[in-house]
Amino acid sequence: MGKVDVENGNGKHDLTAVATLEDRLEPTPEEMLPAVRLEATTPKSDRLAEIVKLLLQELGMDIENQHFRETPERVARFYREFTRGLCVKPETILKTFRSEARELVAVSAIDFFSLCPHHLLVYGGKIHFGYIPNGQIVGISKIPRLVHAMAARPIVQEELVSSIADAFMSVVKPAGCIVKAIGKHDCIGVRGVQCPAVAMTTVTKRGIFEQERIYSEEFDRAITEGQRCVR
C-alpha cells in the first residue's frame with residue numbers, strides 16, 4: 001500500500017499502510033473458536049493497535065510520552081475483549097440436563113457490560129433472567145456465561161435482551177423465558193446530554209411469559225427477593 005498524506009489542525013502526518021484500510025479487521029476463521037476466548041481472537045500482528053496509534057497522532061497526542069507508549073496495544077486488547085462475543089455459539093455454553101421441573105427458575109443481578117454501537121462507549125448494569133423448564137434445565141452458571149457472551153459485542157440494549165432470550169429459547173427450548181436489563185450508558189452520561197444518573201430498563205418475553213401475566217409477576221417477585229439474599 002502507498003503512503004497517504006493527511007493534513008489536519010494538528011499538523012501533517014504521514015499515514016502509511018493502515019490508513020487506507022484496504023483489509024478488514026475481522027479475525028480469520030482459524031482464529032475464531034466456538035467458546036468466548038479472548039486470546040484466540042488476537043492476531044500475531046495487530047493492525048488494530050496501529051490504527052489506535054494513528055488515532056492518537058491525529059488527536060495531537062505525543063505517543064512517545066510514557067503514558068501513551070503502550071496505549072495502542074491496551075486499547076486494541078480492550079476492543080477485542082468487548083467484541084469477542086461476535087463469534088460465540090450459544091449451544092457450546094448452554095449445557096442441558098433432563099428434568100421434570102416445571103416451575104420458575106430465576107437468576108437475578110447478573111453483572112454485564114457491553115458496547116454502544118453508536119459511539120463505541122461502554123454501558124452496563126444488571127440483567128435478571130427467568131425461565132419455565134419444559135423437560136430440560138441448564139446449569140446455573142451457564143446463564144451468566146450466556147449473558148456475558150451475548151453482551152461482549154457492539155449491540156444496543158434493546159436488542160441485547162432479545163438476543164439472550166432467542167439464544168436460550170433455541171437451545172434449551174423452555175416453555176418460556178424473560179430477560180430484564182437495567183443499564184447505565186456512558187454515551188449519555190459523559191457526553192451529549194450528560195445525565196449520568198439515567199438508567200435504561202429493557203424487558204423481553206418469550207413463550208408462556210407473553211401469554212400468562214402471572215408468570216411475569218412471579219418473576220418480578222423472585223428477582224426482588226433474590227436481590228435481598230445475603231450470604
Side-chain angles (χ1 to χ4, degrees), residues 4-15 17-21 23-27 36 38 41-43 46-88 108-129 144 146-165 179-204 227:
V4 180
D5 285 339
V6 176
E7 185 174 356
N8 58 30
N10 294 316
K12 180 178 290 185
H13 299 292
D14 179 37
L15 307 183
V18 293
T20 56
L21 300 183
D23 299 318
R24 300 180 65 186
L25 296 178
E26 297 175 351
V36 180
L38 177 59
T41 62
T42 305
D46 198 344
R47 293 182 296 114
L48 183 54
E50 291 299 316
I51 291 171
V52 175
K53 183 177 179 180
L54 283 171
L55 173 64
L56 292 173
Q57 290 176 317
E58 286 297 298
L59 293 173
M61 304 297 115
D62 176 10
I63 59 173
E64 295 305 318
N65 179 284
Q66 62 175 341
H67 297 296
F68 288 105
R69 282 178 197 151
E70 297 180 20
T71 298
E73 289 75 18
R74 293 191 192 101
V75 174
R77 287 195 298 270
F78 165 78
Y79 278 110
R80 292 195 185 282
E81 179 181 353
F82 268 78
T83 56
R84 67 194 190 279
L86 291 170
C87 45
V88 70
S108 57
I110 303 169
D111 293 303
F112 82 97
F113 293 97
S114 191
L115 274 182
C116 167
H118 301 152
H119 301 95
L120 295 184
L121 290 174
V122 174
Y123 70 92
K126 303 289 185 182
I127 282 182
H128 309 294
F129 181 90
L146 177 67
V147 168
H148 294 160
M150 302 304 287
R153 54 190 170 141
I155 186 171
V156 295
Q157 186 176 317
E158 296 91 333
E159 294 176 358
L160 174 59
V161 290
S162 295
S163 67
I164 294 170
V179 187
K180 175 184 285 188
I182 305 169
K184 289 196 171 184
H185 296 240
D186 285 355
C187 56
I188 64 170
V190 300
R191 59 160 303 283
V193 295
Q194 296 186 346
C195 293
V198 169
M200 179 180 183
T201 301
T202 51
V203 182
T204 192
Q227 293 180 90

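When all heavy atoms of Thr204 and Ala165 are compared, the closest pair comes out as CG2-CB, 3.8 Å. Of all heavy-atom pairs between Cys187 and Leu121, the closest is CA-CD1, 3.7 Å. Residues Ala151 and Phe112 approach most closely at CB-CD1, 4.4 Å, considering heavy atoms.
Side-chain contact check for Thr202 and Gln157: at least one donor-acceptor pair (N or O, by modelled atom type) lies under 3.5 Å.
In this structure, Lys126 and Gln227 have side chains that are not in contact, with every pair of non-hydrogen atoms separated by 4.5 Å or more. Side-chain contact check for Val156 versus His118: some heavy-atom pair is nearer than 4.5 Å. Inter-residue side-chain proximity for Cys116 and Asp186 is flagged as unmet; no heavy-atom pair is nearer than 4.5 Å. Between Ile155 and Leu115 there is no side-chain heavy-atom pair separated by less than 4.5 Å. Here the side chains of Phe82 and Val122 are in contact, with some heavy-atom distance below 4.5 Å. Two residues are said to be in side-chain contact when any heavy atoms from C-beta on lie closer than 4.5 Å; His185 and Val198 fail this criterion.
Scanning for side-chain contact (heavy atoms from CB on, under 4.5 Å) contacts around Val75 gives Val52, Thr71, Tyr79, with sequence neighbours left out. Met61 meets the side-chain contact (heavy atoms from CB on, under 4.5 Å) test with Leu56, Leu59, Phe68; sequence neighbours excluded. Among residues two or more places apart in sequence or in another chain, the salt bridge (Lys or Arg N to Asp or Glu O under 4.0 Å) test is passed with Glu70 by Arg74.
In this structure, the side chain of His148 engages the main chain of Asp111 through a donor-acceptor pair within 3.5 Å. Side-chain atoms of Arg84 come within 3.5 Å of backbone atoms of Glu81 as a donor-acceptor pair (strictly under, hydrogens ignored). Panel note: side chain Arg153, backbone Met150; a donor-acceptor pair is recorded below 3.5 Å. At distances below 3.5 Å, not a single donor-acceptor pair connects side-chain atoms of His128 with backbone N or O atoms of Lys180.
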Original post:
Between Ile127 and Leu160, does a side-chain contact (heavy atoms from CB on, under 4.5 Å) hold up when you go through it step by step?
Top reply: CA-CA 10 Å; Ile127 282 182; Leu160 174 59; 4.2 Å; yes
**OP:** Give the intermediate values and the outcome of side-chain contact (heavy atoms from CB on, under 4.5 Å) for residues Val203 and Val179.
**Re:** CA-CA 6 Å; Val203 182; Val179 187; over 6 Å; no
**OP:** Output, in order, the C-alpha distance, side-chain angles, deciding distance and verdict of side-chain contact (heavy atoms from CB on, under 4.5 Å) for Met200 and Ile188.
**Re:** CA-CA 11 Å; Met200 179 180 183; Ile188 64 170; over 6 Å; no
**OP:** Report the C-alpha distance between Ile63 and Gln57 in whole Å, list the side-chain angles of each, state the deciding distance to 0.1 Å, and finish with yes or no for side-chain contact (heavy atoms from CB on, under 4.5 Å).
**Re:** CA-CA 7 Å; Ile63 59 173; Gln57 290 176 317; 3.5 Å; yes
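Other residues, nucleotides and ligands contribute only 12 or fewer heavy atoms inside 6.0 Å of the CZ atom of Phe113.
Between atom CG of residue Asp62 and atom CZ of residue Arg69 there is a gap of 8.5 Å, rounded to the nearest 0.5 Å. Ser114 OG to Glu159 CD: the interatomic distance, rounded to the nearest 0.5 Å, is 11.0 Å.
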